[in-house]
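In what follows, a single structure is set out as C-alpha cells and then discussed.
Side-chain atoms are counted along with the backbone in the values below, which use heavy atoms only and exclude waters and symmetry mates.
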Amino acid sequence: MATQESGRRDTGTSPGRRVVLGAAVLGAGTAVVGAPGVARADARHGHGGHGGGGYRDLPVPTVVAHRGTSGYRPEHTLGSYQLALDMGAHVIEQDVVPTKDGHLVCRHENDITGTTDVAAHPEFAGRKTTKSVDGVSLTGWFTEDFTLAELKTLRAKERIPGTRQRNTLYDGRWDVPTLEEVFRWAEKEGRRRGKRVWLHIETKHPTYFRKLGLGLEEPLAKLLRRYNRHRRHSPNFLQSFEPSSIQRLRKLVDAPGVVLLSTAASRPWDFVEAGDPRTVADLIKPEGLKWIATYAKGIGPTLDLVIPKGPDGRLLEPTTLVRDAHAEDLVLHPYTMRNENTFLPADFKKGTDPNAYGDAFGAFKTYFATGIDGIFSDNPDTALLAAADFADN
C-alpha cells in the first residue's frame with residue numbers, strides 16, 4: 001500500500017467534521033439500509049427471514065468496518081472499533097495473532113513494527129529479528145516473541161502515516177487489545193445499545209503459528225464458547241485466507257465461516273504447505289465454490305475478483321463470481337474499499353493528490369450493483385451512506 005507523503009490540501013476528510021456529520025446522518029441512514037436491505041437478501045437467497053438474529057438478518061449491503069475505522073483511527077484499537085460502532089457499522093473486523101504465552105491479540109500482522117511504538121523501547125531492541133512468514137522474509141518485532149504483559153507496555157500507532165497523516169494525532173492513545181477485551185467491550189456496548197455487536201474475526205497465518213505450537217483455532221473456539229459466540233446465530237463471522245483454518249473451526253464451533261480469497265494466481269498458504277496445487281482461480285470456479293460451501297457460509301474475495309481492472313487501472317466487466325457464489329448459497333463480503341485516490345480504481349480518482357478523497361460513492365455504487373452482500377471499508381460512514389443510497393434506488 002502506498003505510504004508516500006505529498007503536499008496535503010484540506011479535502012474535507014478531517015476526522016472531526018466528517019465523523020460528526022457521519023454519525024448524525026447515520027442514525028437515520030442505518031435504518032434506511034436495514035429494512036430494504038434485509039428484504040433484498042431474503043429474496044435473493046430464498047429465505048423468508050430466519051429470525052434469531054443470524055447473519056442472514058444483517059442489512060444488505062452489509063458494511064464491515066475494516067480493522068475498525070482504520071480510515072480515521074489507528075487500526076485494531078478499541079478507539080477504532082468504538083468509532084466504527086458509533087458510526088453505525090453493521091460488523092466490525094478483528095484480525096487475531098498470538099502472544100508468546102498464547103493470548104490472542106488484535107493486530108493485522110504478527111509483525112508489529114509499523115503498528116506499535118516497539119522500536120522506541122530500548123528494552124526490546126534485542127527482540128528485533130528476521131523471519132519467514134508464509135514465504136515472505138520480514139525484519140522487525142513479532143507478537144509471538146512477547147508475553148501479553150510485555151505487549152501491553154506498547155502503544156498503537158498509525159500504520160500508513162504518509163497516506164493518513166491526520167490519524168497520527170492518535171498515536172500512543174491506545175494499546176494492543178486482546179480479543180477477550182474486545183468481546184467484553186462488545187458485551188458492554190450491546191447491553192448499552194440493546195442490540196448485539198457483530199464481529200468479523202480473522203485467523204492470521206494459522207499454519208505458521210500451528211508450527212510454532214501456537215495454534216489459533218482452539219483458543220479462539222474456547223473464547224467464543226466463554227462469551228457465547230460459538231453458535232450458528234451468534235453475532236460473528238470467522239474468516240481466514242487458509243481454508244483449513246475454517247474447516248478446523250467448523251469442527252469446534254457453529255459460528256459461520258468465511259473463506260478469504262486473494263488474487264486469482266495466488267495459493268492459500270496451507271495449500272502451499274500441503275502440496276495442494278489449487279489456486280484462488282480454481283476456488284472461484286463453480287466446483288471450487290461448491291467445495292467451500294461444504295464447510296463455510298461465505299467468501300471474502302478481493303474486489304478485483306468481482307470486477308477486474310485493466311492495465312490502465314480502470315474497471316472491466318464484472319466476473320460471474322457473485323452469481324456463482326450465490327448459486328452455492330454463499331454470501332460475499334469483498335475487501336477493501338477506501339476513500340483515498342491511491343486505493344480507488346482509476347475510474348474514480350479525482351485530482352492528482354494520491355492522498356485526497358476520490359469518488360468513493362461512485363465506486364461503492366458500481367460494486368454494490370454486482371449483487372455483493374456486503375463490503376469491507378476503512379470508512380464505514382461513507383460505506384453506510386452509499387449503502388443507503390443503493391437501497392433507495
* Asked: Can you check salt bridge (Lys or Arg N to Asp or Glu O under 4.0 Å) on D171 and R73, steps first, answer last?
  -> CA-CA 9 Å; D171 285 358; R73 300 288 188 271; over 6 Å; no
* Test ring-ring contact (aromatic ring centres under 6.0 Å, His included) on H333 and F237 and set out the steps. => CA-CA 11 Å; H333 292 166; F237 296 93; 5.2 Å; yes
* For F348 and F361, run ring-ring contact (aromatic ring centres under 6.0 Å, His included): C-alpha distance rounded to whole Å, both residues' side-chain angles, the deciding distance at 0.1 Å, then the answer. => CA-CA 9 Å; F348 303 104; F361 287 114; over 10 Å; no
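Using a 4.0 Å cut-off between charged side-chain N and carboxylate O, D145 and K131 make a salt bridge. Salt bridge status for D389 with K365: absent, with no side-chain N to carboxylate O gap under 4.0 Å. Between E75 and R107 there is no salt bridge, since no side-chain N of the basic residue sits under 4.0 Å from a carboxylate O of the acidic one.
Test L78, V182, D95, I201 against C106 for side-chain contact (heavy atoms from CB on, under 4.5 Å) and you get one pass: V182. Test V176, T178, T147 against K152 for side-chain contact (heavy atoms from CB on, under 4.5 Å) and you get one pass: T178.
For R184 and Y227, the positive end is not near the middle of the six-membered ring at less than 6.0 Å and at most 45° from its axis.
The aromatic ring centroids of F376 and H200 lie less than 6.0 Å from each other.
The number of heavy atoms from other shown groups lying within 6.0 Å of CZ (R278) is above 12. Enclosure of atom NZ in K188 is not indicated, since only 12 or fewer non-hydrogen atoms of other residues, nucleotides or ligands lie within 6.0 angstrom.
Put simply, the side chain of D347 gets close to the backbone of L315: a donor and an acceptor are under 3.5 Å apart. Under a 3.5 Å cut-off, the side chain of T113 and the backbone N or O of W141 do form a donor-acceptor pair.
Side-chain contact annotation: E144 with Y208, donor-acceptor N/O pair under 3.5 Å present. Neither side chain, N236 nor Y55, offers a donor N or O lying under 3.5 Å from an acceptor on the other.
Between Y170 and W174, the angle of the ring planes stays under 30°, which puts this pair in the parallel group of the 30/60° scheme.
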